[in-house]
Structure formats: C-alpha cells, structure tokens
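Remarks on the structure that follows.
Treat the numbers as computed from the prediction; the structure is a model and nothing was measured. Residue numbering restarts at 1 for every chain, and letters A, B, ... go by the order of the sequence lines.
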2 protein chains.
Amino acid sequence: MGSAVAERLEGRAVDKVAQRRSELAAAALKTLSELGYARTSLRDIAANSEFSHGVLHYYFRDKVDLITHCVREYKAQCVTRYDQVVATASSASELAAGFLDKLTETLVQESALHRLWYDLRGQSMFEESFRADVAEIDLSLERMIWRVLSRYAELAGVPLDLTPPTAYAVFDGLFLQALLRQLAGDPDAARDLRSAVAAVIGRLVPAA
Amino acid sequence: MGSAVAERLEGRAVDKVAQRRSELAAAALKTLSELGYARTSLRDIAANSEFSHGVLHYYFRDKVDLITHCVREYKAQCVTRYDQVVATASSASELAAGFLDKLTETLVQESALHRLWYDLRGQSMFEESFRADVAEIDLSLERMIWRVLSRYAELAGVPLDLTPPTAYAVFDGLFLQALLRQLAGDPDAARDLRSAVAAVIGRLVPAA
DNA sequence: GACTTTCCTTGACACTCGTCCAGAACGGTG
DNA sequence: CACCGTTCTGGACGAGTGTCAAGGAAAGTC
C-alpha cells in the first residue's frame with residue numbers, strides 16, 4: 001500500500017493532479033481569451049505555461065476535454081460576481097449602484113475573458129460537444145442576474161413580473177454590445193453601458 | 001479595343017465577374033452557416049459550389065476577402081427584413097404583430113444564417129480585419145430596429161425616450177437567446193421569443 | 001543506492017490548411 | 001482553323017494542426 005494509486009483513491013495526491021490540471025487550464029484560459037477559439041492551438045497554450053505541449057495529453061484526454069475544463073473554471077470565477085453586492089446592499093439604489101459598478105468594472109478589466117465566453121457560446125451553436133456545458137453556464141448566469149434583479153425588486157418593494165430568461169437576455173444583450181464597443185476601443189463603452197442598464201432597469205421594474 | 005480588359009473598364013463583362021463572385025459567395029455563405037467560421041475551409045466552400053477549390057483565388061484575393069464579400073451579401077438580404085411591415089402597418093398593434101411574425105419566422109427558417117452572423121461578430125472581437133465590416137453591419141441592424149421601434153411609438157402616439165443602441169442591444173439579446181434555444185432543439189424558442197419581445201416592448205414604450 | 005512509479009520532453013505521425021502555379025479547357029475574334 | 005485572352009482544374013508546397021509514443025528526468029519507496 002502507500003502506492004500512488006492508493007493515494008489517489010484516498011484523495012491526497014489526486015489534489016496534486018487537480019492542481020496541475022487547474023494550472024494548465026488557467027494557461028489555456030489566458031491563451032484562448034487572447035487568440036479566440038478558432039486560432040488557439042495546444043502549442044500556443046503550452047507556450048503560455050511552463051511546460052511543453054506534450055503534457056497537455058497527460059492531463060487531458062483531448063482538446064475538447066481541456067477546453068471544457070477551462071470553461072468550468074471560468075464559470076466558477078464568474079457566477080458569484082454580484083453575490084457580495086446582493087448580500088450587503090440595504091436599499092434598492094445601493095444594490096443598483098453596486099451592480100453597475102461591478103458590471104462596468106468587469107467590462108473593462110476582464111473584457112478578454114468575456115469575449116472568450118461569447119466566442120465559446122457561439123461555437124456551441126455549431127459544435128454539439130460544447131452545447132451541454134455552455135447551456136449549463138448560461139443557466140447559472142441567468143440565475144445570477146435573477147438574484148440581483150429579484151433582490152432589487154424586493155428592496156424596492158415592488159413586484160417583478162418578468163421571466164428570468166427574458167431579464168437575462170436583455171442584460172446580456174446590453175453587456176455584449178458594450179463589450180464589442182469596449183474591444184473596438186470606444187472609451188465611452190463603460191459609461192454608456194452604465195446609463196443604458198440603469199435606464200432599462202427603470203423600465204423593467206415598475207415604478208422603481 | 002473590344003478586349004476583355006476594355007470591357008471590364010466600361011463595365012459590361014465586369015458584371016459577369018461580379019455574378020460569379022456572388023455565386024461563389026453564396027456557396028461560401030451556405031457552407032459557413034453550416035460549419036461555422038472556425039471549421040470552414042476553402043475546399044469545403046468549393047465543394048458546395050460547382051467549381052474546384054482553385055477558382056476561389058481567381059475571384060478573391062484571399063480567405064478574408066471572400067468572407068468579407070459574404071458578409072456584405074448577408075447584410076443586403078438582412079437589413080430590409082422589416083421595412084415592408086413598417087411601411088404598410090397602419091396601427092401600432094398591426095406593426096407589432098407584423099414585426100413579431102417576421103422575427104419568429106426568420107428565427108426558425110434562417111437560424112443557420114443567424115448563427116453565422118453571431119459567429120463572425122464574435123470573431124471580430126479577436127480579429128482586427130473583420131471589425132470594420134462587422135461594425136458597419138451592426139450599425140445598420142441597429143437602424144433597422146430603430147425604424148421599427150420609432151414608427152411603433154409614432155403610431156401609438158407616445159414619445160420614445162430610448163437610445164437606438166440600447167434598443168438594439170435589448171432586442172438583439174432576446175433574439176440571440178432564442179436562437180441558442182432554437183438551435184439546441186427547444187421547440188418553444190419561437191413562442192417564447194414572441195412573448196418576451198412583446199413584453200419588453202410593452203415596458204420600453206411607455207403607456208403603449 | 002537500486003528500483004519503481006510518476007511526470008514531462010521531444011520528435012514523429014498523419015492530416016488539413018491557405019496559397020500558388022503550370023497547364024488544360026473554353027470562347028470569342030481574325 | 002489558328003490564335004489568344006479568359007476561366008478553371010488539379011496537384012504541389014510549406015506551414016501548422018491534434019495526437020501519440022518512446023524515453024529521459026524527477027520523485028518516491030524499499
């Protein structure tokens with residue numbers, strides 16, 4: 001006993017493997033967000049890590065497995081973005097302000113990562129193998145937006161007769177447009193996103 | 001005189017060239033909408049035409065030139081989609097109904113083409129060379145939506161205090177979500193798009 | 001220190017890609 | 001028919017791809 005296999009089974013060394021997988025996935029995420037799905041090769045990813053390209057097939061079955069892993073890591077870091085704001089805000093306007101701050105902040109600072117998400121979601125329209133993972137993440141993003149919005153309505157003391165997919169689609173559309181402008185170098189992208197989202201919230205939540 | 005070069009200059013035979021270019025662009029559009037940008041090769045495109053792969057470099061400088069040409073053809077067929085409805089509708093509700101009909105119709109019947117548009121727009125976030133063309137088309141789509149919405153407000157006799165980019169982003173977000181669901185095989189995608197858009201119009205246009 | 005397992009590198013493979021080109025096929029003019 | 005410019009073919013090229021396997025390096029065990 002005491003073999004590495006046994007260690008894996010009892011979950012000690014397996015963490016080491018998981019850590020390296022995570023390390024490589026981070027390099028992949030970085031590369032993908034810079035180059036996009038269509039132009040990223042496994043050698044590019046390895047070049048952004050401290051290993052050679054062969055190691056990727058040691059930790060991942062194939063390219064799809066790697067990218068799937070990436071996308072899950074992305075989700076984890078993404079889906080809780082506004083939870084802090086939702087938990088601490090004590091008024092509707094405070095929640096709105098915190099939400100808008102985070103929204104515009106991530107638009108500017110993580111624009112590369114966001115474009116990767118939209119890229120991969122687009123790929124899922126063509127490639128069956130991504131569809132399930134993308135749909136799952138999309139759903140969790142929808143729920144994230146819904147938590148913000150329903151809490152906002154609650155704080156404002158008004159009912160919210162909107163369906164979660166609709167609310168998500170609206171904000172996603174606004175964010176995507178702002179991202180396109182941001183990446184095109186438009187310096188007003190964040191500012192206009194802020195005012196557009198504020199305006200739409202004012203319309204969608206009755207009498208707020 | 002009478003040479004082909006002269007004919008080109010006086011714009012007769014040039015139409016023949018333009019026609020073939022258009023023919024090849026149509027094959028490219030078909031292929032791209034089926035496979036997506038990342039997985040479409042020039043040989044795939046040629047296979048969907050009646051020519052061999054070599055001819056593409058006779059009529060197009062390179063792949064980017066071809067795809068750019070494609071995208072322009074797409075625009076032409078796309079941007080006037082609701083103009084008929086706008087021109088003939090004599091009441092706000094009639095306009096809304098006609099718009100929703102066209103919207104859901106194109107969602108179902110041209111879903112492949114729409115996903116290509118979103119794919120290419122996504123590529124433009126990474127690839128500089130697409131950016132200008134994509135931005136131009138996006139703007140013309142924005143204007144298309146704006147024509148519908150401003151005419152709607154006019155017929156309803158209410159002011160429309162919304163910015164065109166915001167209105168476009170909202171509807172685009174809703175349509176994109178519906179497209180994702182449609183392509184994933186959701187049979188309710190069109191129905192839900194219809195009701196979501198109707199609901200949002202009701203919110204964005206005051207007292208309509 | 002020998003031995004074993006784990007980890008990683010290197011180079012090769014079969015393949016696809018965009019691009020280019022020599023020349024065949026075509027079509028109209030003399 | 002001979003000629004010539006235009007149009008198209010099919011193969012070649014070099015570069016780049018995902019995948020894999022043989023073996024070296026490192027780490028751990030006795």
Exercise. Kindly write out the residues that satisfy salt bridge (charged side-chain N to carboxylate O under 4.0 Å, His left out) with B/Lys75, not counting sequence neighbours, or none if the list is empty.
Key: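 Only B/Glu136 meet the salt bridge (charged side-chain N to carboxylate O under 4.0 Å, His left out) criterion with B/Lys75.
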
Self-check item: Pairwise salt bridge (charged side-chain N to carboxylate O under 4.0 Å, His left out) hits with a residue in residues 43-58 of chain A, at least two apart
Solution: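 Salt bridge (charged side-chain N to carboxylate O under 4.0 Å, His left out) check on residues 43-58 of chain A returns no pairs.
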
Quiz item: What nucleotide among C/dT10, C/dC7, D/dT9 has an atom nearest to a side-chain atom of A/Ser52?
Solution: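 Nucleotide nearest to A/Ser52's side chain: C/dT10.
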
Distance-only polar pair, side chains of [X] and [Y], donor-acceptor under 3.5 Å:
| X | Y | value |
| --- | --- | --- |
| A/Asp15 | A/Gln19 | no |
| B/Asp172 | B/Tyr118 | yes |
| A/Glu23 | A/Ser49 | no |

Quiz item: So, do A/Leu66 and A/Leu42 sit near enough that their side-chain heavy atoms are less than 4.5 Å apart?
Solution: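 Yes; the side chains approach each other to less than 4.5 Å.
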
Quiz prompt | Note, A/Glu34 side chain near A/Asn48 side chain (heavy atom, < 4.5 Å) | solution =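 Side chain of A/Glu34 against side chain of A/Asn48, heavy atoms only: contact under 4.5 Å found.
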
Quiz item: What are the residues of residues 123-132 of chain A, sorted by number, that bring a heavy atom to within less than 4.0 Å of DNA chain C?
Solution: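 Under 4.0 Å from DNA chain C: no residue of residues 123-132 of chain A.
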
Quiz item: Does any residue of residues 59-71 of chain B have a heavy atom under 4.0 Å from DNA chain C, and if so, which ones, in number order?
Solution: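 The answer is B/Asp62, B/Lys63.
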
Atom pairs under 3.5 Å: protein N/O with N/O of nucleotides 21-24 of chain C:
none

Quiz item: Taking atom CG of B/Leu204 and atom CG of B/Asp161, what is their separation to the nearest 0.5 Å?
Solution: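 That separation rounds to 10.0 Å.
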
What is the separation between atom [atom1] on [X] and atom [atom2] on [N], rounded to the nearest whole Å?
| X | N | atom1 | atom2 | answer |
| --- | --- | --- | --- | --- |
| B/Tyr58 | D/dT9 | OH | C1' | 13 Å |
| A/His53 | C/dC13 | NE2 | P | 14 Å |
| A/Leu56 | C/dC7 | CG | P | 15 Å |

Exercise. Might you confirm whether atom CD of B/Gln84 has over 12 heavy atoms from other residues, nucleotides or ligands at distances under 6.0 Å?
Key: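 Result for CD/B/Gln84: open.
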
Quiz item: Is any side-chain N of the basic residue among A/Arg181 and B/Asp138 closer than 4.0 Å to the acidic one's carboxylate O?
Solution: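 So A/Arg181 does not pair with B/Asp138 through a salt bridge.
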
Self-check item: Pairing of A/Arg39 and A/Asp119 as salt bridge, 4.0 angstrom limit
Solution: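 Result for this pair is no, no salt bridge flagged.
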
Quiz item: Under 6.0 Å from the six-membered ring centre of B/Tyr37 and within 45° of its axis: does the NZ or CZ of B/Lys63 meet both?
Solution: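 Geometry flag: set, cation within 6.0 Å and 45°.
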
Quiz item: Listed in order of residue number, which residues of residues 35-51 of chain A have a non-hydrogen atom at under 4.0 Å from DNA chain D?
Solution: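 Of all residues in residues 35-51 of chain A, the ones placing a heavy atom under 4.0 Å from DNA chain D are A/Thr40, A/Ser41, A/Leu42, A/Arg43.
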
Exercise. Check whether any side-chain N or O of A/Arg115 sits under 3.5 Å from a backbone N or O of A/Ser33 as a donor-acceptor pair, and report yes or no.
Key: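 Checked: pair present.
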
